[in-house]
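Here's a structure for you.
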Amino acid sequence: MKNLYSLQIKARTLLAFCILLTVATFSSSVSKNTQPHPLGLSGIKTVGEGGDYSSLSDAVDSMNFYGISDSLHLILTDQFYYANYLYLNPAETNNAKLTISGENATVTLGGASSSNKSSGALSISADHFSEVTFENVEFELGMYYYYGATIFANSENSCVVNGLNMQGGESNSNGLEIFVGNSGNLTVDNATFEGFSKGGYIHGYSKGGGGTVTVSNSSFSFYGTQIDISTNANIELSNNSFHSTNQGYGILTFSEYYSKLITLSDNTFIPGGGFNSIVDFENPGDYCSLSITNNSLSSAFNCIFISGGSYFTSLNISENTIFNCGIGIYAENINADELYVDGNNLSNVNGKNYSFNNNSSKYYLPNKEISVAIYLGSLSSELVKSRTQNLKGYRFDVSNNTIAGFYGGIICQNISVPDVFNISNNTISYINYAALSLGDVSSSGLFVDNNVIYHFSGAAIVLTGSYYPYSEGTA
């Protein structure tokens, strides 16, 4: 009997130990999977068969849950990966560095019909990162996403997203979508977007903010229009290639949000089927400084179009190469402190008039089949007069341009400038109508000087309308 009692005690003790061991193990498991890592993930983690994570989705989920401590490098050891949706949004993380690299790995996103079409198949919360780098990894968009990559930038920290390679999906997809807040600073560098119907969007959340978005050294190739810009953030697009295989518009800016500084430099635009307009600014907000320099643009009814009654602190269109177009540079119904159209090279096929027929175009020339290198109409600094009594220092300068093969060379109508309107050192040739046409100019100083004009079948210089001094000046 004593032995039986002893066995019962031992059994109960063993059972209690097993229960405690089970509870401790379960508690450890729960703690491991539900409590954030005190320091976050860091170092090198492998993703693939036999690695730290079996799938890229598991790796991203773990990163988002535990966060990142300083830097994390995910190495993709397999060749093919599949994920419905990836959102890089690590908890409790600031200014982290994330690298995702592989040996020519391909990640297919959005392969299920339940995918969320309202955001990118790959989304990045830039507020948590200082750098996000992709190396030798290609993302392919599945059938059920409208957006390839969506990037959110709201905080004051600066983030660089480098090396993103995204291949398009269905016909109404967009390559890159950026949401920038009032203080976000984002750079997208060395990216590739191919096979989309549209390059994408750059949006803003509200008026009155700062923030900067830079897209550089990247390639966009798509079937239709390019990038729509509607934001109050400063924008810089530099050294990019934009290639479309269909007709449409180019870079658009809308009037809902107001950027204070927009810079387009060293970009190449390659329309495949002809464009109504490549660089298109309609109704941008006031107090914007716009610079369009060193770009290559071709094969459009209008390569650069600026209109809408806006006030520019500075408008600089210089050193661009423009060819095979209806109108090279078109600026109408705007006000500017300073306007520079300087050092551009504008030419059409074989030095002859390039007829670009577009009867549905909204651009108002007397004959839609004619071509004009530079058209400036209804431009003034008049708006400045109501804001300041100092009318000095406002200058319009159209100089050092080389023009060949248009119906009209430089056509200026309804120009009002408080200080100087200078048209000088231009070389204009192979013109069918007028190399230089001026009508209704008001300026304290109008200078038409040292222009070289030859091989024209119309007139070298045409003067129409009225010419009179601005205020007390002399025309």
Side-chain angles (χ1 to χ4, degrees), residues 253 258-265 277 279-295 297 302-320 322 327-346 372-388 390-403 408-426 428 436-449 451 467 469-471 473 475:
T253 187
Y258 305 139
S259 298
K260 301 308 178 188
L261 176 63
I262 301 176
T263 302
L264 307 179
S265 63
S277 180
V279 177
D280 192 318
F281 290 91
E282 296 183 56
N283 300 306
D286 287 345
Y287 299 103
C288 177
S289 175
L290 173 59
S291 176
I292 305 174
T293 60
N294 294 296
N295 301 282
L297 312 96
N302 193 93
C303 283
I304 298 175
F305 178 85
I306 304 170
S307 182
S310 299
Y311 165 55
F312 292 92
T313 56
S314 176
L315 178 54
N316 181 23
I317 307 173
S318 299
E319 304 295 335
N320 298 286
I322 300 173
I327 308 172
I329 299 169
Y330 184 105
E332 183 182 46
N333 191 29
I334 61 174
N335 299 274
D337 286 354
E338 298 177 334
L339 168 66
Y340 296 96
V341 181
D342 184 78
N344 299 284
N345 190 335
L346 304 100
V372 176
I374 299 173
Y375 178 84
L376 306 177
S378 300
L379 307 184
S380 74
S381 294
E382 195 72 35
L383 193 60
V384 179
K385 188 174 182 179
S386 63
R387 296 175 174 169
T388 175
N390 180 13
L391 297 180
K392 299 297 182 182
Y394 305 117
R395 180 184 181 95
F396 285 7
D397 201 323
V398 182
S399 59
N400 301 302
N401 299 286
T402 300
I403 297 170
I410 300 174
I411 297 179
C412 303
Q413 301 288 333
N414 301 315
I415 307 296
S416 179
V417 189
D419 194 355
V420 174
F421 183 27
N422 178 45
I423 304 175
S424 64
N425 298 307
N426 298 286
I428 307 172
L436 175 60
S437 176
L438 301 176
D440 296 319
V441 175
S442 170
S443 176
S444 296
L446 171 61
F447 299 92
V448 181
D449 182 57
N451 298 285
Y467 297 85
Y470 190 100
S471 185

Ser443 side chain vs Gly445 backbone, donor-acceptor pair below 3.5 Å: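 Judged by distance alone, yes, a pair lies under 3.5 Å.
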
Shortest non-hydrogen contact from Cys303 toward Gly328: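 Of all heavy-atom pairs spanning Cys303 and Gly328, the closest is CB-O, 3.4 Å.
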
With Thr293 via side chain to side chain contact (heavy atoms under 4.5 Å, CB included) - residues at least two apart: Ser265, Ser291, Asn316, Ser318

Aromatic plane relationship, Phe305 with Tyr330 - under 30° parallel, 30 to 60° tilted, over 60° perpendicular: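 Because their plane-to-plane angle is under 30°, the rings of Tyr330 and Phe305 count as parallel.
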
Nearest-0.5 Å distance that lies between atom CZ in Phe421 and atom CG in Leu438: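 Separation between the atoms: 6.5 Å.
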
Flag, side chain of Asn344 to backbone of Ile317, donor-acceptor distance under 3.5 Å: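 At least one qualifying donor-acceptor pair exists.
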
Heavy-atom closest pair, residues Ala373 and Gly409: CB-O, 3.2 Å

Evaluation steps, side-chain contact (heavy atoms from CB on, under 4.5 Å), between Phe281 and Ile334: CA-CA 11 Å; Phe281 290 91; Ile334 61 174; over 6 Å; no

Asn426 side chain vs Ile403 backbone, donor-acceptor pair below 3.5 Å: no

From OG (Ser378) to CG (Asn414), nearest 0.5 Å: 4.5 Å

Atom pair CG (Leu436) and CG (Asn451), whose distance is rounded to the nearest 0.5 Å: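 One finds 6.5 Å between CG of Leu436 and CG of Asn451.
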
Intermediate values then yes/no, side-chain contact (heavy atoms from CB on, under 4.5 Å), Ile262 and Cys288: CA-CA 7 Å; Ile262 301 176; Cys288 177; 4.0 Å; yes

Name of the residue among Ile329, Thr402, Ile327 meeting side-chain contact (heavy atoms from CB on, under 4.5 Å) with Leu346: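 The passing option is Ile329.
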
Asn295 backbone acceptor or donor facing Asn320 side chain under 3.5 Å: yes

Rounded distance [0.5 Å steps], CD1 in Ile306 versus CG in Leu315: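 It comes to 4.5 Å.
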
Spatial distance of atom CG (Leu264) from atom CG (Leu290) [nearest 0.5 Å]: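 It is 6.5 Å, given to the nearest 0.5 Å.
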
Non-hydrogen side-chain atoms of Val341 and Phe396 separated by less than 4.5 Å: no

All side-chain hydrogen bond (donor to acceptor under 3.5 Å, both in side chains) counterparts of Asn400, not counting sequence neighbours: Asp342

Separation between CD1 of Ile374 and CG of Asn401, rounded to the nearest 0.5 Å: 4.0 Å

